[in-house]
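Working notes for the structure below.
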Amino acid sequence: MSSEKEYSAEQLEAGRLLFARPWEFITSVKEMHQLPELDGIEIAFAGRSNVGKSSLINKLTGKKTLARTSNTPGRTQMLNFFGAEHSILKIVDMPGYGYAEAPKGMVDAWTSLIFDYLRGRSTLRRVFSLIDSRHGIKKNDLDAMAILDKSAVPYQVVLTKADKLKPGQLQRMKDETLKVLAKRPAAHPEVIATSSEKGNGLDDLRAEIAQLVSYG
């Protein structure tokens, strides 16, 4: 496995153009029958509550209020869909997991919705699994990855808040992450380190997503 991927100028430009258009909220879904029609390509973002998922989506799309951010973990309780005009790509913001104070019934409902969505969504190309670079992969991350492996959905780890680590610390975190991913059947063999605050790694993430779109 490799910790980094070099993107060409053409790939970076494709990523820039993909996210240069205006992005808008489409719909929120809490039951399977509410899902949009199978059309185009979807990518999803998953992660523990407070991992910085909404902030990353907002920074990625250049729209500060696209995905709701909150100091209260667990606020995203539904599958939220976003899209851009004249684009086949849709972004799905998945419910945050690992929020201990959420009622068990609510957690079970989230888990059921996520698994049903993952298992039955032919338009889903990849899940980006967000991991806080300061803390690394935790048990509930592994539990989420197990659902992805069971669903046979390809996923790629994106480290968040990478600006909080020194370069040597960040490299060690990448290496440790890759060791874990090497044992996971559906894991993508590269990680991308990002910072929503500083903008680090976002060009690479956009380029990676653009490749998924171009491959169809």
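The model shown is predicted, which means the values in this text are computed figures rather than measured ones.
Sorted by first and then second residue, the pairs that involve residues 17-36 and meet salt bridge (charged side-chain N to carboxylate O under 4.0 Å, His left out), not counting sequence neighbours, are Glu24-Lys63.
The backbone N or O of Leu113 sits nowhere less than 3.5 Å from a side-chain atom of Asp116 that would complete a donor-acceptor pair. For Asn58 (side chain) and Ala67 (main-chain N/O), a donor-acceptor pair under 3.5 Å exists by modelled atom type. Judged by distance alone, the side chain of Lys198 and the main-chain N or O of Lys161 form no donor-acceptor pair under 3.5 Å. At distances below 3.5 Å, at least one donor-acceptor pair connects side-chain atoms of Gln156 with backbone N or O atoms of Glu190. Panel note: side chain Thr160, backbone Val51; a donor-acceptor pair is recorded below 3.5 Å.
Applying the 6.0 Å contact sphere to NE2 of His86 captures no more than 12 heavy atoms from other residues, nucleotides or ligands.
Ion pairing between a basic and an acidic side chain is recognised when a charged N comes within 4.0 Å of a carboxylate O; Asp132 and Arg48 show no such pairing. A salt bridge links Arg126 with Glu208: the closest approach of a Lys/Arg side-chain nitrogen to an acidic carboxylate oxygen falls below 4.0 angstrom. A salt bridge does not link Asp203 with Arg16: every distance from a Lys NZ or Arg NE/NH1/NH2 to an Asp or Glu carboxylate oxygen is 4.0 Å or more. A salt bridge is defined here as a Lys NZ or Arg NE, NH1 or NH2 lying under 4.0 Å from an Asp or Glu carboxylate O, and Lys164 with Glu197 meets this definition. Electrostatic pairing of Glu42 and Arg121 counts as a salt bridge here, judged by a charged N lying under 4.0 Å from a carboxylate O.
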Taking it one step at a time, do Ile131 and Thr177 satisfy side chain to side chain contact (heavy atoms under 4.5 Å, CB included)?
-> CA-CA 9 Å; Ile131 304 293; Thr177 301; 5.6 Å; no

Go through Lys90 and Phe82 one step at a time and tell me if the side chain to side chain contact (heavy atoms under 4.5 Å, CB included) criterion holds.
-> CA-CA 6 Å; Lys90 293 181 179 66; Phe82 307 101; over 6 Å; no

Would Lys179 and Glu176 count as a salt bridge (charged side-chain N to carboxylate O under 4.0 Å, His left out) if you check the C-alpha gap in whole Å, the side-chain angles of each, and the deciding distance to 0.1 Å?
-> CA-CA 5 Å; Lys179 286 180 183 177; Glu176 291 172 8; over 6 Å; no

Lys174 and Leu159: CA distance, side-chain angles, deciding distance, side chain to side chain contact (heavy atoms under 4.5 Å, CB included) verdict | CA-CA 8 Å; Lys174 288 180 181 179; Leu159 297 175; 3.9 Å; yes

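Ring-plane geometry between Tyr117 and Phe81 is classed as perpendicular, the angle between the planes exceeding 60 degrees on a 0 to 90 degree scale with a lower cut at 30.
Between Ile209 and Ile91, the closest side-chain pair of non-hydrogen atoms is not below 4.5 Å. Within the 4.5 Å cutoff, the side chain of Ile43 has heavy atoms near those of the Leu89 side chain.
No hydrogens or angles considered: nothing links the side chains of Thr194 and Asn200 as a donor-acceptor pair under 3.5 Å. Side-chain polar atoms of Gln211 and Lys5 form a donor-acceptor pair below 3.5 angstrom.
Between Asp163 and Ser195, the shortest heavy-atom distance links the atoms OD1-OG, 2.7 Å.
Under the 4.5 Å side-chain contact rule for hydrophobic residues, Met94 and Leu38 do not share a cluster.
Applying the salt bridge (Lys or Arg N to Asp or Glu O under 4.0 Å) rule to Asp204 yields no partners; only residues at least two apart in sequence or on another chain are considered.
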